[in-house]
Amino acid sequence: EAIKDCEHCLKINPFFVKAITRKAHCHFYLKEFHKALEWYEKGMKIEENNAELEDGLRRTLMAISSTGEEPDQERLQRAMADPEIQAILQDPVIQQVLKDLKENPREAQVALQNPGVQSKLSKLMAAGIIRTK
C-alpha cells in the first residue's frame, strides 16, 4: 500500500524526492534490495547531497554485501517472484555468462565488459540470486 502511495505521488511529480525516498525505504524493508538500490540512486540523481538517501544507499549496500552462510529464503522468494528478475534469468546471454562464470571464467570476463550484462548481474546480486564468496 505504501509503495502504491509513492507511485501515485510520483505520477504527479516524478522528481518528488520524499516519495522516491519512501519508495526506496519500502523496498529495503521488504528485502527487495535491487529495487531499493535503484530508487536510492534515482533520488541521488535529483538531490545528490540528501543525507537520508545517502544513508539508505549505504544501508542497502551493506545489506547486499553482508550475506551469511545460508541464503535468506524470504529475500530469494521475493526476488524470484519479481518479473524483472525472472526476465533477466531467462535472458540467454545472462544464462551463458552464468554458465561461463562456472566453467570458463576467461570467456565470462569478455562478457562482463558489456555494461548491459554488468547491470543485469548487479541486479541479480542485489536481489540475492547470485552470491559471491
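Only heavy atoms go into these numbers, but all of them, side chains included; no hydrogens, no water, no symmetry mates.
Considering every non-hydrogen atom in both A111 and V97, the closest pair reads CB-CG2, 3.5 Å. Across E52 and R22, no two heavy atoms sit closer than the pair OE2-NH1, 2.9 Å. Across all non-hydrogen atoms, the minimal contact from C6 to A19 is SG-O, 3.6 Å. In terms of heavy atoms, I20 sits closest to P14 at CD1-O, 3.7 Å. Nearest approach of L101 to A108, heavy atoms of both residues: CD2-CB, 3.6 Å.
Going from atom SG of C26 over to atom CD of E1 covers 10.5 Å, rounded to the nearest 0.5 Å. In this structure, CD in E7 is found 12.5 Å from CD1 in I12, a value given to the nearest 0.5 Å. How far CG of L76 is from CD of E74: 10.5 Å, rounded to the nearest 0.5 Å. Here the straight-line distance linking atom CE of M80 with atom CD of Q73 works out to 11.5 Å at 0.5 Å rounding.
Both L53 and I64 belong to a common hydrophobic cluster when Ile, Leu, Val, Met, Phe, Trp and Tyr are linked at side-chain heavy-atom distances under 4.5 angstrom. Linking Ile, Leu, Val, Met, Phe, Trp and Tyr whenever their side-chain heavy atoms come within less than 4.5 Å leaves M62 and I130 in two separate clusters. F28 and I85 sit in two unconnected hydrophobic clusters of ILVMFWY residues. Membership requires side-chain heavy atoms under 4.5 Å apart, directly or through other members. Linking ILVMFWY residues whenever their side-chain heavy atoms come closer than 4.5 Å, directly or via other members, places L57 and Y29 in the same cluster. Connection of L30 to Y40 is not established within any shared hydrophobic cluster, with ILVMFWY side chains joined at heavy-atom distances below 4.5 Å, either directly or through further cluster members.
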Open item on the list: Working note: K120 + E84, criterion side-chain contact (heavy atoms from CB on, under 4.5 Å); need CA distance, chi angles, decisive distance, verdict.
Closed with: CA-CA 10 Å; K120 289 178 180 181; E84 181 181 18; over 6 Å; no
Open item on the list: Please determine whether side-chain contact (heavy atoms from CB on, under 4.5 Å) holds for the pair K42 and I46, giving the CA-CA distance in whole Å, both sets of side-chain angles, and the decisive distance to 0.1 Å.
Closed with: CA-CA 7 Å; K42 281 182 184 182; I46 298 167; 5.9 Å; no
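Counting heavy atoms from C-beta on, the side chains of E107 and Q96 never come closer than 4.5 Å. You'll find the side chain of W39 reaches within 4.5 Å of the side chain of L10, heavy atoms only. Taking 4.5 Å as the limit, some side-chain heavy atom of L37 sits within range of a side-chain heavy atom of E41. In this structure, the side chains of I129 and I88 stay at 4.5 Å or more apart for every pair of heavy atoms. Here the side chains of E54 and M44 are in contact, with some heavy-atom distance below 4.5 Å. Side-chain contact between D100 and V110 is absent, with no heavy atoms from C-beta onward closer than 4.5 Å. L121 has its side chain within reach of L98: a pair of non-hydrogen atoms, C-beta onward, lies under 4.5 Å apart. The shortest side-chain heavy-atom distance between H34 and L124 does not fall under the 4.5 Å cut-off.
No donor-acceptor distance shorter than 3.5 angstrom exists from the side chain of E32 to the backbone of R78, with no hydrogens or angles considered. Between the S122 side chain and the Q118 main chain, a donor and an acceptor come within less than 3.5 Å of each other.
Checking E38 against H27 by side-chain atom types alone, no donor-acceptor pair falls below 3.5 Å.
Contacts of E47 classified as side chain to side chain donor-acceptor pair (under 3.5 Å), with partners at least two apart in sequence or in another chain: N50.
For the pair R75 and F33, the cation-pi criterion (under 6.0 Å, within 45° of the ring axis) is not fulfilled.
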